[in-house]
Amino acid sequence: MPYDLIIAGTGPAGLMTADRAAAKGLNTLVLEKRKKVTDSLMGELVTDNALKLLRVKPDSEYIGNKYTQIIGESLDTGGQIVVGKGLLGNSYLLDEDNCQEIMRERAEADGAEFRYGAHVKSVVKEGNQVVGVKYNEEEERAGLTVGADGAFSRVSETAGFTHPKWLLSYGIRWKLENCKGVDPETAYFYVARDVGLGYLWLYPRSETEVNLGIGRVPSSKENWDKLPSLLDVLKKYRKHIPELRDSKIAMQNGGVVPCAGIIPRFTDAGVSLCGNSAGQVSSIVGGGVTTCFHAGTMLAKHAKRAIDENDFSKKSIQQYEKEYRGSKLARNIQNTGKGMWAVSKYAMHNDPLDAAEIVLGQLDAKTLNALIQGNAGVSDIMTLLSDFLPMVMRIGKGYLKSIALSGL
Ligand SMILES: Cc1cc2nc3c(=O)[nH]c(=O)nc-3n(C[C@H](O)[C@H](O)[C@H](O)COP(=O)(O)OP(=O)(O)OC[C@H]3O[C@@H](n4cnc5c(N)ncnc54)[C@H](O)[C@@H]3O)c2cc1C
């Protein structure tokens with residue numbers, strides 16, 4: 001094979017896989033449809049875990065800011081949950097461009113080849129074995145093909161992976177300049193009836209620069225259509241929050257995040273998915289950076305083993321999936337994914353605005369923190385459900401239907 005590894009996509013999953021695989025000496029080709037790795041939405045709010053996996057220091061050019069508290073607030077009622085230093089540990093705003101660049105630079109320094117404007121169309125198969133990809137008008141072959149090409153992965157679709165419980169959160173983010181008097185040490189999550197099933201966030205970079213974003217899960221088209229557009233909600237709250245009133249929009253971007261957990265199977269002979277394509281995202285908060293770094297690091301280790309053993313069979317590649325599913329992070333994704341799926345089914349048959357208030361408006365600081373940190377365990381999920389169930393019972397509609405559909 002000309003390459004050991006072909007990676008489709010340079011989001012955090014593809015870049016981390018390339019960084020780690022090239023460091024292990026694997027002959028790696030990276031295909032990206034965009035023109036460069038930067039100027040894209042990688043995701044930015046992370047905790048220490050992400051820094052460790054990226055191997056960068058907190059006081060470095062890879063960190064845009066650090067928070068001492070995170071506040072969850074209802075914009076309708078003004079109610080607040082404050083996650084202070086005691087519970088929070090360390091929370092950082094990454095400098096996305098610098099983080100993307102360092103992974104690309106490391107991979108290239110270790111011999112990885114990057115091709116841009118390279119639109120992957122499908123995998124190439126010999127019998128049941130994936131042996132490479134078709135991109136643009138070209139074809140390239142490798143022992144292992146990695147689909148790190150996001151939530152609408154061509155690798156996933158053409159390799160035959162399916163995801164019956166697929167729930168996407170849609171998000172838009174503004175980088176705002178010219179803000180006034182922002183407290184740079186506090187990040188905010190907001191819920192509101194017009195935000196719907198999701199949340200608005202405000203992550204300051206400095207006293208004058210802020211990232212304001214919104215993510216929302218559509219429980220059904222009918223429910224989505226009842227709500228104002230994501231952009232209209234952002235516009236409204238830019239006016240509503242005094243510090244942002246005179247700000248300037250320096251950049252707008254967006255994307256989607258799968259948030260109902262890991263897909264049923266993401267490895268096969270000669271192929272593996274990584275990141276959004278596999279549903280490897282912390283479900284309720286939609287955090288994907290740490291989970292992508294974690295999955296990419298583990299995948300590179302298994303790619304090296306498969307190369308050394310010259311074994312790209314289904315059984316060999318599945319060892320990555322087995323180890324991954326046994327990890328704490330993966331179990332957290334599955335737990336929160338089930339919760340998110342149940343809530344979205346509830347919202348489909350009831351008022352979706354109630355569901356948002358139930359999930360995020362009712363959290364205590366400890367549970368909110370566990371979700372932010374990506375380490376919510378069964379007890380946190382039980383806390384969520386114990387808030388959720390009585391409210392649903394009280395409302396009295398759709399409870400049995402939503403639980404039956406959720407498979408909980
Ligand atoms: C608005 C918003 C805010 C977010 N904020 C945070 C946050 O603060 N913290 C956090 O942890 N997470 C956050 N996330 C989630 C996080 O960004 C994602 O989970 C993460 O980016 C997924 O990484 P990925 O590498 O799997 O996929 P992606 O980032 O989607 O990258 C996929 C890459 O593949 C390329 N590609 C796609 N199709 C093809 C093709 N056919 N051929 C070649 N290349 C292709 C794309 O151009 C892209 O570069 C946010 C998400 C959104 C939408």
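Both ligands and their constituent atoms are indexed starting at 1 by order of listing. All values reported here derive from a predicted model rather than from experimental measurement.
Protein heavy atom nearest atom 28 (P) of ligand 1, with residue, atom name and distance: Gly11 CA, 4.2 Å. Among all protein heavy atoms, the one lying closest to atom 12 (N) of ligand 1 is Gly288 N, 2.9 Å. Summary of contacts: the protein heavy atom closest to atom 30 (O) of ligand 1 is Gly150 CA, 3.7 Å. With hydrogens left out, the protein atom closest to atom 5 (N) of ligand 1 is Gly43 CA, 3.8 Å, a heavy atom. In terms of protein heavy atoms, atom 40 (C) of ligand 1 is closest to Val120 N, 3.7 Å. When hydrogens are left out, the protein atom nearest atom 9 (N) of ligand 1 is Leu45 O, 3.2 Å; that is the closest non-hydrogen contact. In this structure, the protein non-hydrogen atom closest to atom 49 (O) of ligand 1 is Glu32 OE1, 2.7 Å. Scanning the protein for heavy atoms near atom 26 (O) of ligand 1, the closest one is Asn276 N, 2.7 Å.
A salt bridge links Glu96 to Lys175: one of the charged nitrogens lies within less than 4.0 Å of a carboxylate oxygen. A salt bridge is absent between Asp232 and Lys236; no separation between the charged side-chain nitrogens and carboxylate oxygens falls under 4.0 Å. At a threshold of 4.0 Å, the pair Arg205-Asp95 counts as salt-bridged, since one of the basic side-chain nitrogens sits closer than that to a carboxylate oxygen. Salt bridge Arg154/Asp149: absent, no basic N to carboxylate O contact under 4.0 Å. Using a cut-off of 4.0 Å between Lys/Arg side-chain N and Asp/Glu carboxylate O, Glu139 and Arg141 are scored as salt-bridged. Looking at Asp19 and Arg55, a side-chain N of the basic residue comes within less than 4.0 Å of a carboxylate O on the acidic one, giving a salt bridge. A salt bridge links Lys121 and Glu137; the closest N-O separation between the charged side-chain nitrogens and carboxylate oxygens is under 4.0 Å.
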- Query: Going through the checks in order, is the salt bridge (charged side-chain N to carboxylate O under 4.0 Å, His left out) test met by Asp308 and Lys304?
  - Reply: CA-CA 6 Å; Asp308 289 348; Lys304 167 77 171 137; 3.1 Å; yes

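Proximity to Gly255 (heavy-atom distance under 4.0 Å) selects the following atoms of ligand 1: 53 (C). The Gly286 neighbourhood of ligand 1 comprises atoms 12 (N), 13 (C), 14 (N), 15 (C), with distances under 4.0 Å to a heavy atom of that residue. Atoms of ligand 1 found under 4.0 Å from any heavy atom of Gly171 (numbered from 1 in listed order, with element): 1 (C). Heavy-atom proximity to His119, at under 4.0 Å, picks out these atoms of ligand 1: 41 (N), 42 (N). The contact set between ligand 1 and Val289, taken as ligand atoms under 4.0 Å from a residue heavy atom, comprises 10 (C), 11 (O), 12 (N). Contact atoms of ligand 1 toward Gly275: 26 (O) (distance under 4.0 Å to a heavy atom of the residue). Close approach of ligand 1 to Tyr203 is summarised as follows: ligand atoms under 4.0 Å from at least one heavy atom of the residue are 8 (O). Listed by number with element, the atoms of ligand 1 under 4.0 Å from a non-hydrogen atom of Cys292 are 22 (C), 23 (O), 24 (P), 26 (O).
When the options Leu41, Leu93, Ile7 are ranked by their closest heavy atom to atom 2 (C) of ligand 1, first place goes to Leu41. Considering Gly9, Ala13, Ala148, Pro258 only, the shortest heavy-atom separation from atom 32 (C) of ligand 1 involves Ala148. Proximity annotation for atom 36 (N) of ligand 1: of Asp149, Leu15, Asn136, Val256, Asp149 comes nearest, heavy atoms only. Residue nearest to atom 17 (O) of ligand 1, selected from Lys35, Arg154, Met42, Lys121: Met42 (by heavy-atom distance).
For the residue pair Asp183 and Tyr188, no side-chain donor N or O sits within less than 3.5 Å of a side-chain acceptor on the partner.
Here the side chains of Ser272 and Leu299 are in contact, with some heavy-atom distance below 4.5 Å. Looking at Glu138 and Arg115, their side chains never come closer than 4.5 Å, going by heavy atoms from C-beta outward.
In this structure, Ser40 and Gln100 approach most closely via the heavy-atom pair OG-NE2, 2.9 Å. Pairing each heavy atom of Arg331 with each of Arg325, the nearest pair is CG-O, 3.9 Å.
Close N/O approach between Lys33 and ligand 1 is found [any backbone or side-chain N/O within under 3.5 Å]. Polar contact with ligand 1: present for Glu44 (N/O pair, distance under 3.5 Å). The N/O atoms of Arg173, backbone and side chain alike, include none that comes under 3.5 Å of an N/O atom in ligand 1. Of the polar atoms of Gly287, none of the N or O atoms is found under 3.5 Å from an N or O of ligand 1, judged by distance alone. Among the atoms of Pro12, some N or O lies under 3.5 angstrom from an N or O of ligand 1.
Proximity of Tyr135 to ligand 1, defined as any heavy-atom pair under 4.0 Å, is not found for any part of the residue. With a 4.0 Å heavy-atom cut-off, ligand 1 is reached by the backbone of Ala118 but not by any atom from C-beta on. Contact annotation for Arg34 and ligand 1: only side-chain heavy atoms (C-beta onward) come within less than 4.0 Å of the ligand. When heavy-atom distances to ligand 1 are checked against a 4.0 Å cut-off, Val257 comes that close only through its side chain, counted from C-beta outward.
At least one heavy atom of Trp201 sits less than 4.0 Å from an atom of ligand 1. Contact between Gly215 and ligand 1 is absent, with no heavy atom of the residue lying under 4.0 Å from the ligand. Within the structure, the closest approach of Phe152 to ligand 1 does not fall below 4.0 Å when heavy atoms are considered.
Partner of Leu273 under the side-chain contact (heavy atoms from CB on, under 4.5 Å) criterion, chosen from Val146, Thr145, Ile263, Ile262: Ile263.
Side-chain N or O atoms of Arg216 include one that pairs as donor or acceptor with a backbone N or O of Val195 at under 3.5 Å. Checking side-chain atoms of Glu321 against main-chain N and O of Phe266 turns up a donor-acceptor pair under 3.5 Å. Ser313 contributes no side-chain N or O that, together with a main-chain N or O of Asp311, makes up a donor-acceptor pair within less than 3.5 Å.
The environment of CG in Asp59 is sparse: at most 12 heavy-atom neighbours from other residues, nucleotides or ligands sit within 6.0 Å.
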